[in-house]
Engineer: 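Quick one: structure below, then a few questions.
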There are 2 protein chains.
Amino acid sequence: MSETRIRNMEEFAAASGVSRPTVSKYFNDPDSVRPKTRARIEDALERYDYRPNIFAMNQNRKLTKNVGIVVPYLADPFFAEIARTLEQACIAAGYTPVLYSAHGEPDLENDILDSLRSLKPAGVLLAPLGRLSDRAAIEKFCGDVPTVLFDSSIRDLGLAFVGSDNPQFSRLMVDYLCRSGEPPCFFEMKTPANPNANRRRQGYIAAMEALGHAPHIVQVPGEGWAFEEIGLREGLAALDAGRFDTDTVLCSNDRLAIGFLTACYERGLKVGRGSDCHIRVAGHDDHPFSRYTCPPLTTVAQDYDSISRHAVETLFRALEGQETPHEVTLFEGKLVMRDSA
Amino acid sequence: MSETRIRNMEEFAAASGVSRPTVSKYFNDPDSVRPKTRARIEDALERYDYRPNIFAMNQNRKLTKNVGIVVPYLADPFFAEIARTLEQACIAAGYTPVLYSAHGEPDLENDILDSLRSLKPAGVLLAPLGRLSDRAAIEKFCGDVPTVLFDSSIRDLGLAFVGSDNPQFSRLMVDYLCRSGEPPCFFEMKTPANPNANRRRQGYIAAMEALGHAPHIVQVPGEGWAFEEIGLREGLAALDAGRFDTDTVLCSNDRLAIGFLTACYERGLKVGRGSDCHIRVAGHDDHPFSRYTCPPLTTVAQDYDSISRHAVETLFRALEGQETPHEVTLFEGKLVMRDSA
DNA sequence: ATAAAAAGTTTTCGCGCGTAAACTTTTGAA
DNA sequence: TTCAAAAGTTTACGCGCGAAAACTTTTTAT
C-alpha cells in the first residue's frame, strides 16, 4: 500500500501536501480542519499507514485522551461485563480506555491510582474496593483527576456516583418473597468488603418491618472476595447449626447465593418454590451465572447497561467543561424470577 | 514530606546530589549504579515523591518496559484468573502489564494488536481468539513484537506456545469414566472458537478406541462465547431428541458443562454417580465456578499457575537475549473428582 | 603506592510532537 | 468585485528524557 516508510508526522505532512501543524490539528480533532484538507490527509492515511507516536503526543499535553477504568475484582464476571461496556463506550467517544483490576487488594488499588496519575488521563471511572479502600488516597486522587465513581460509593467523592438503589433491591425482593411464602432471613458476611451490602441489609430490615415481620439476619465470618467459597463453607456451618428459622434465605449477593446453593445441595435440601422443596434461596445482582445455577437463581437484576452508560456520559459531560455539583444517580433493580424462590 | 516540588529529572538530580544521566541510569536499572549513589537517590526519593515522566521515558526508547497481556474473553473467569497471575508476574519482574480483552470479537483483537504496537512493548503475552483470529495479522504482529502465545496456539507462531496437553486431558477423563461406569459420549459445539476443543475431541476418540469403545460425538450448533447458554439450550434440545446413547456425558469444557447441568436440572435428571442418578456429567478446565455447581463438577484441571508462570518466564528469557527456537510447552491436567461423575 | 578498571559526570544531540504567534491564503457572502 | 473571517502555513520554541562520547573520579587489584 505504501511507497516509502513514513517515520514521523513531518514526513507524513509532506506526503499529504499539508503542513505538519495542520496534521497535528487534524489528529486532535478531525473536524477542526477544512473538509478538503481533511480529505487530503485521510487520503494519505490510506496510502501510508502512519500513526502518531503516542508517547510524543502525550508528552506535551497536560491531558491525554486516556480514560482509566478501575474495578475491584476482575475475576468477578459482573465487573468483567461492566468493564466491557465501559471500554466500548470510551472507544466510541474517541478515548483510549485502560483497564485495571485491584484484584481485591488495597495496596494494589493504591498502586493503580499512582500509575494512573502518571498516565495523565482525561478522566477515570473508578469502582473502589469499598471498605478496604484507602479513603485518603482516593480523595486525593479525585482532587487531581476527574473521576466518576461507580458501583460502590465513598462518601461524596469524585465528580459523581453512579450505582444501584440497593435498599430498593432488597425491598423488591422482600415484598415478593413475603407474598409468595415465608418471610426471608438475610444471609451475609459479617464484614462485607462492599458497602452496598450494608444498604441491602438496611433495605431488608426496613422492608420486613414495613410488612410487620421481625427481621432475622444470619451473619457469617469471611474476608476477601471468594464469596462462593464463603457461601458454601459458612452456609454449611449455619445450616448444621440450625441458624435459619425460616425456609427462605435472601443472600446479600448472587455469588454468596451460588455458594449457599451448593451448601444446600450437599445437605440434600431441595431448593425451589415447589411443594416438595425444603428451602427457597434468592440473591442480589443478577450475576451472569445466576441463570445457570441449579435451580436457576431468583434475584434482583442490576441495570448493568444503564449504570455503565450513565457513568461514561457523566464523565464526558464533565470533561467537556460543564461543571456540575456532585450528583448521585441510582438505578432501580428488576425482579428476576427463576426457580430458586 | 517535600520542600519544593520536583518538576523533572534535572531538578531531582540536583536535589539528590547526583547528575541527571546517573539518575536516568538508576531508573533503568537500580543495580547499575554504585550502592552509595543508589542510597543517595533512594534517599531523595523518599523526601520528594518524584516519578519520571513515562511518556518522555518511552519516547526515545526503542523498547519500553511495557508488557501487553491479551486474552480473548475477559468475562470468562478462567481468563480473568490467568490475567491476574500474569500481571503479578510482570510486576514482580519490573515490567508494566497492560491488559486487553478482545471480548470475543476478531476486529477488536486486531485493533488491540494495532494499539499495542504503538505502545512499543518489550513483549506480549497473547491468548488468541482461535479459529476466528486473523492469522495474517497475528503472524505479522509476532514478526514485529516478541510474543509468547498461550492457551490456544496458532501453527508455530510467536516465540513459543504454552498451554495444556489437551489430548491428555480427555484421555485422563475417558479412562476414569470408563472404569467407573458407562463409556462417555462427547458433547461439544460444532464449530468451536477455541482450537483446544478439536484436540480434546481427538483425544476423546483415541482414548475410546484404545479401550475398545466406539466414540460417540454429540455436536450442537452455536457461535460465540456464550458457552453456558449454548450448553443449556442445545443440551435441552439434544436431551429431548434422545441424542445421548449413554448415561455419561463428557463436555468439551466446563462452561458448556455448566449450561448442560442446568438442562439436566430442567428435565428432572439427577446428575451424579450415585445409584439413584440418571446421568453423569464431566467437563474440562476446572473453571473457577465448577466447584460450586450442583452437583459440583468433575473435571480435568488446567494447571493455571504453571501455564502463566512458564509463559512469563519464557518471554522474559527471550527478552534477555537468549534466542531460542520456537518451543511448545504443554502441561498435563489433573483429574478433579467431584460429585457429577 | 600505582595502575587498571569501574563508575560517575559533562556535554551534546535528538526523539516526535504540542503550541503559540505572526503571517498568508482560501473561502463565502455581500 | 471586494473584503472580512476562517483556515492553513511558517517559524520558533520547548517538553522530559535516552543515549553516546569523552573526560574525571573512585574503587579494586597488584
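First the proteins, then the strands, lettered A, B, ... as listed; each starts at 1.
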Engineer: Can you find a donor-acceptor pair, distance only, under 3.5 Å between A:Arg20 side chain and C:dG16 base?
Structural biologist: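 Answer no: no donor N or O sits under 3.5 Å from an acceptor.
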
Engineer: Calculate the interatomic distance between B:Asp29 atom CG and C:dG8 atom P; express it in whole Å.
Structural biologist: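 To the nearest whole Å, that distance equals 11 Å.
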
Engineer: Is any side-chain nitrogen or oxygen of A:Ser24 closer than 4.0 Å to OP1 or OP2 of C:dC17?
Structural biologist: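 Checking C:dC17 against A:Ser24, no side-chain N or O comes under 4.0 Å of OP1 or OP2.
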
Engineer: Find the distance B:Met9:CE to C:dT10:C1' and express it as a whole number of Å.
Structural biologist: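 One finds 16 Å between C1' of C:dT10 and CE of B:Met9, rounded.
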
Engineer: Using whole Å, what does the distance between atom P of nucleotide D:dC13 and atom CD of A:Gln59 come to?
Structural biologist: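 That distance rounds to 18 Å.
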
Engineer: Starting at CZ of B:Arg7 and ending at P of D:dG16, how long is that distance when rounded to a whole Å?
Structural biologist: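 Nearest whole value for this atom pair: 7 Å.
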
Engineer: Which one, D:dC17, C:dT19, D:dG16, comes nearest to the side chain of B:Met57?
Structural biologist: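 Nearest to the side chain of B:Met57 among the choices is D:dC17.
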
Engineer: From the set C:dG18, D:dG16, C:dT19, return the single nucleotide nearest to any side-chain atom of A:Pro21.
Structural biologist: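 For the A:Pro21 side chain, the nearest candidate turns out to be C:dT19.
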
Engineer: How would you label the contact of A:Pro52 with the nucleic acid (heavy atoms, under 4.0 Å): base, sugar-phosphate, or nothing?
Structural biologist: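 Result for A:Pro52 = sugar-phosphate.
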
Engineer: Taking the side chain as every heavy atom from C-beta outward, state whether B:Phe78 and B:Asp151 have any pair of such atoms under 4.5 Å apart.
Structural biologist: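 Yes, at least one pair of side-chain atoms sits under 4.5 Å.
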
Engineer: If you pin A:Arg51 and B:Arg40 to their nearest nucleotides in DNA chain C, which one's is more 5'?
Structural biologist: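 So the residue in question is B:Arg40.
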
Engineer: Round to a whole Å and report the spacing from CG of B:Asn53 to C1' of D:dG16.
Structural biologist: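 It is 6 Å, rounded to the nearest whole Å.
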
Engineer: Ignoring the backbone of A:Thr37, work out which of D:dG18, C:dG8, D:dG8 is nearest its side chain.
Structural biologist: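 So the nucleotide nearest the side chain must be D:dG8.
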
Engineer: C:dG16, C:dG8, D:dC17: which one has an atom nearest the side-chain heavy atoms of B:Thr22?
Structural biologist: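 Of C:dG16, C:dG8, D:dC17, C:dG8 is nearest to the side chain of B:Thr22.
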
Engineer: Verify the contact: side-chain N or O of A:Ser19 to OP1 or OP2 of D:dT10, cut-off strictly under 4.0 Å; return yes or no.
Structural biologist: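 Result: no.
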
Engineer: On the 0 to 90° scale, with breaks at 30° and 60°, tag the B:Phe316-B:Tyr95 ring pair as parallel, tilted or perpendicular.
Structural biologist: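 Rings of B:Phe316 and B:Tyr95: parallel, as their planes differ by under 30°.
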
Engineer: Check the orientation of B:Trp225 and B:Tyr73. Use parallel for under 30°, tilted for 30 to 60°, and perpendicular for over 60°.
Structural biologist: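 The arrangement is parallel - the two ring planes meet at less than 30°.
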
Engineer: Of all the nucleotides listed (C:dT27, D:dG8, C:dC17), which has the minimum atom distance to the side chain of A:Lys36?
Structural biologist: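 For A:Lys36, the side-chain atoms sit closest to C:dT27.
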
Engineer: Whole angstrom is fine here: how far is it from NZ in B:Lys65 over to C1' in D:dG18?
Structural biologist: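 The distance from NZ of B:Lys65 to C1' of D:dG18 comes to 14 Å, rounded to the nearest Å.
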
Engineer: For atom CZ of A:Arg61, decide whether the heavy atoms of other residues, nucleotides or ligands shown that lie under 6.0 angstrom number more than 12.
Structural biologist: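 Enclosed.
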
Engineer: Nearest whole Å is fine: how far is D:dG18 P from B:Asn58 CG?
Structural biologist: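 The answer, rounded to whole Å, is 9 Å.
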
Engineer: Hey, is the side chain of A:Tyr50 poking within less than 4.0 Å of OP1 or OP2 on C:dC17, counting only N and O atoms?
Structural biologist: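 Answer yes for this pair, as a side-chain N or O of A:Tyr50 is under 4.0 Å from OP1 or OP2.
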
Engineer: Find the distance A:Phe55:CZ to C:dC17:C1' and express it as a whole number of Å.
Structural biologist: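 It works out to 13 Å between those atoms.
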
Engineer: Given the side-chain rings of B:His310 and B:Phe331, with only the six-membered ring counted for Trp, is the space between their centroids under 6.0 Å?
Structural biologist: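 Ring centroids of B:His310 and B:Phe331 are less than 6.0 Å from each other.
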
Engineer: Between B:Asn28 and D:dG18, is there a contact of a side-chain N or O with OP1 or OP2 at under 4.0 Å?
Structural biologist: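 So the side-chain polar atoms of B:Asn28 do come within 4.0 Å of the phosphate oxygens OP1 or OP2 of D:dG18, strictly under.
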
Engineer: Taking the side chain of A:Asn60 as heavy atoms from C-beta outward, which of C:dG18, D:dA19, C:dT9 is closest to it?
Structural biologist: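 The listed nucleotide nearest to A:Asn60's side chain is C:dG18.
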
Engineer: Just checking, is any N or O donor in the side chain of B:Thr22 or B:Ser19 under 3.5 Å from an acceptor N or O on the other one?
Structural biologist: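 Looking only at side-chain atoms, B:Ser19 and B:Thr22 do form a donor-acceptor pair, the distance falling under 3.5 Å.
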
